[in-house]
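Following: one structure in structure tokens, then a few remarks.
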Amino acid sequence: MVKKQLIKAALCFATALAYHSAACAQLALNPTNIGVGIQQRQFTQNALNAYLNNDYTHDETEHMMGMYAGFNINVQQRFLIEADADFVTKATKGIGTWKLGAGFIPFSNGSISIPITAGVINYDASTNKDDAIYGKSESAGYIKTGISAMVAPRWMMDLTVQYEALDSSKTSIGIENTFDAGFSLLGVPMFGDLHPTVGLSWADRNAREINIRVGAKYTFN
């Protein structure tokens, strides 16, 4: 009797945790969303130089940790508004960034889209090294394009290329993976609009930079 009850309870629990087909359709290309997370940025030898008045030198790779937040607004599956702000810091140095842009989607077939955006980006960096103060704030225009694709029913990938017209220009290549972790528990959808994200980008200014982001997006489909 007890064994039958345990089997019945196990079956009920497994059924309650089953992934329903409706939850698999939560991901969409270029969704309106709000994203937040943590990031780790790696600056190879003298990569910080361009951010700090070209006077700051470092012979070894430096690592900084920080956070990011941003949003994207999709207007009628054709026009985009985007904003992003982040910071990374370590001890007495740090770099803050924000950008605001808009654009459009010239091609989309439901599985692949090609968004194009442009706007303004700003860097604000400061540090205190050997009792000497270095600081720099700079703004410039940027343009970004790429491909968004549904790799699998629960996996969307964004591949982007961004060019920033700073005094010392910067080109970045990024990959962001967005996953659908939604399921139904006792018939109640769970985490249907909250999606884990993992991103990796490479940038080249006067030296290589690598940025890793781990966070989540809340989408408004």
Side-chain angles (χ1 to χ4, degrees), residues 19-39 67-86 97-122 139-166 169-184 189-204 209-221:
Y19 284 78
H20 293 265
S21 59
C24 296
Q26 294 298 321
L27 289 178
L29 296 174
N30 313 116
T32 295
N33 69 83
I34 297 173
V36 296
I38 59 174
Q39 64 180 4
M67 300 183 67
Y68 71 90
F71 69 82
N72 284 271
I73 299 175
N74 187 319
V75 182
Q76 298 183 342
Q77 303 300 316
R78 183 59 60 186
F79 302 102
L80 298 172
I81 300 172
E82 65 179 9
D84 187 274
D86 69 60
T97 310
W98 63 260
K99 72 176 183 180
L100 178 64
F104 66 104
I105 306 171
F107 173 81
S108 179
N109 64 5
S111 298
I112 296 175
S113 70
I114 302 176
I116 301 173
T117 56
V120 177
I121 189 166
N122 173 270
S139 298
Y142 77 88
I143 183 168
K144 182 177 74 172
T145 188
I147 298 175
S148 296
M150 299 299 299
V151 180
R154 292 180 176 272
W155 177 16
M156 181 174 68
M157 180 182 292
D158 294 294
L159 173 64
T160 60
V161 178
Q162 179 170 296
Y163 174 79
E164 302 165 20
L166 300 157
S169 63
K170 180 177 178 179
T171 302
S172 305
I173 298 175
I175 298 174
E176 183 180 63
N177 299 283
T178 303
F179 304 98
D180 181 8
F183 63 94
S184 292
M190 306 291 289
F191 306 112
D193 295 315
L194 187 64
H195 307 294
T197 59
V198 178
L200 176 65
S201 65
W202 299 264
D204 189 4
E209 304 170 26
I210 300 174
N211 194 34
I212 300 172
R213 285 183 165 187
V214 178
K217 288 180 180 178
Y218 185 86
T219 58
F220 303 86
N221 293 323

Check: Val36 and Met67 side chains under 4.5 Å, non-hydrogen atoms:
no
Rounding to 0.5 Å, atoms OG1 (Thr171) and CG (Asp204) come to a distance of 7.0 Å
Considering non-hydrogen atoms only, spot the tightest contact between Leu29 and Ile112 and give its length.
CD1-N, 3.6 Å
Of all heavy-atom pairs between Thr197 and Tyr68, which one has the smallest distance, and what is that distance?
OG1-OH, 3.7 Å
Is there a side-chain contact between Lys217 and Asn72 in this structure, where contact means two heavy atoms from C-beta onward sitting under 4.5 Å apart?
no
Are Leu200 and Asn177 close enough that some pair of their side-chain heavy atoms sits under 4.5 Å apart?
no
Under the criterion side-chain contact (heavy atoms from CB on, under 4.5 Å), I'd like the reasoning laid out for Trp98 against Val120: C-alpha separation, chi angles, the key distance, then a yes or no.
CA-CA 8 Å; Trp98 63 260; Val120 177; 4.2 Å; yes
Rounding to 0.5 Å, atoms CG (Asp84) and CZ (Arg213) come to a distance of 4.5 Å
Using the side-chain contact (heavy atoms from CB on, under 4.5 Å) rule, take Phe220 and Ile34 through it: C-alpha gap first, then chi angles, then the decisive distance, then the call.
CA-CA 9 Å; Phe220 303 86; Ile34 297 173; 4.1 Å; yes
For Thr145 and Pro115, indicate whether the former's side chain and the latter's backbone hold a donor-acceptor pair under 3.5 Å.
yes
Determine, for Glu209 against Lys170, whether the closest basic-nitrogen to carboxylate-oxygen distance falls under 4.0 angstrom.
yes
Do other residues, nucleotides or ligands put more than 12 heavy atoms under 6.0 Å from the CH2 atom of Trp202?
yes
Write down the atom of Asn122, the atom of Ser139, and the distance for their closest heavy-atom approach.
ND2-OG, 2.7 Å
Ile105 versus Ser113, closest heavy-atom pair with distance
CG2-CB, 4.1 Å
So do the side chains of Phe104 and Ile116 get within less than 4.5 Å of each other, counting heavy atoms only?
yes
CE-CG distance between Met156 and Asn30, expressed to the nearest 0.5 angstrom
7.5 Å
Heavy atoms only: give me the nearest Ser172-Ala203 pair and the separation to one decimal.
OG-CB, 3.5 Å
To the nearest 0.5 Å, atom CG of Leu80 lies from atom CD1 of Ile73 at 10.0 Å
Give a yes or no answer on whether the side chain of Ser111 reaches the backbone of Met150 with a donor-acceptor pair at less than 3.5 Å.
no
Apply the side chain to side chain donor-acceptor pair (under 3.5 Å) test between His195 and each candidate in Thr178, Thr219, Asn33; give the one that qualifies.
Thr219
Which heavy atom in Gly101 sits nearest to a heavy atom in Tyr142, and how many Å separate them?
CA-OH, 3.4 Å
Using the rule given for salt bridge (charged side-chain N to carboxylate O under 4.0 Å, His left out), can you reason through Glu164 versus Lys99, listing the C-alpha separation, both sets of side-chain angles and the distance that settles it, and then say yes or no?
CA-CA 11 Å; Glu164 302 165 20; Lys99 72 176 183 180; over 6 Å; no
Atom CG in Leu100, atom CD1 in Ile81: separation rounded to 0.5 Å?
8.5 Å
Taking the side chain as every heavy atom from C-beta outward, state whether Asp180 and Pro153 have any atom pair closer than 4.5 Å.
no
Testing the 3.5 Å rule here: is there a donor-acceptor pair between the side chains of Asp158 and Ser148?
yes
Distance from Arg78 atom CZ to Ser108 atom OG, nearest 0.5 Å?
7.5 Å
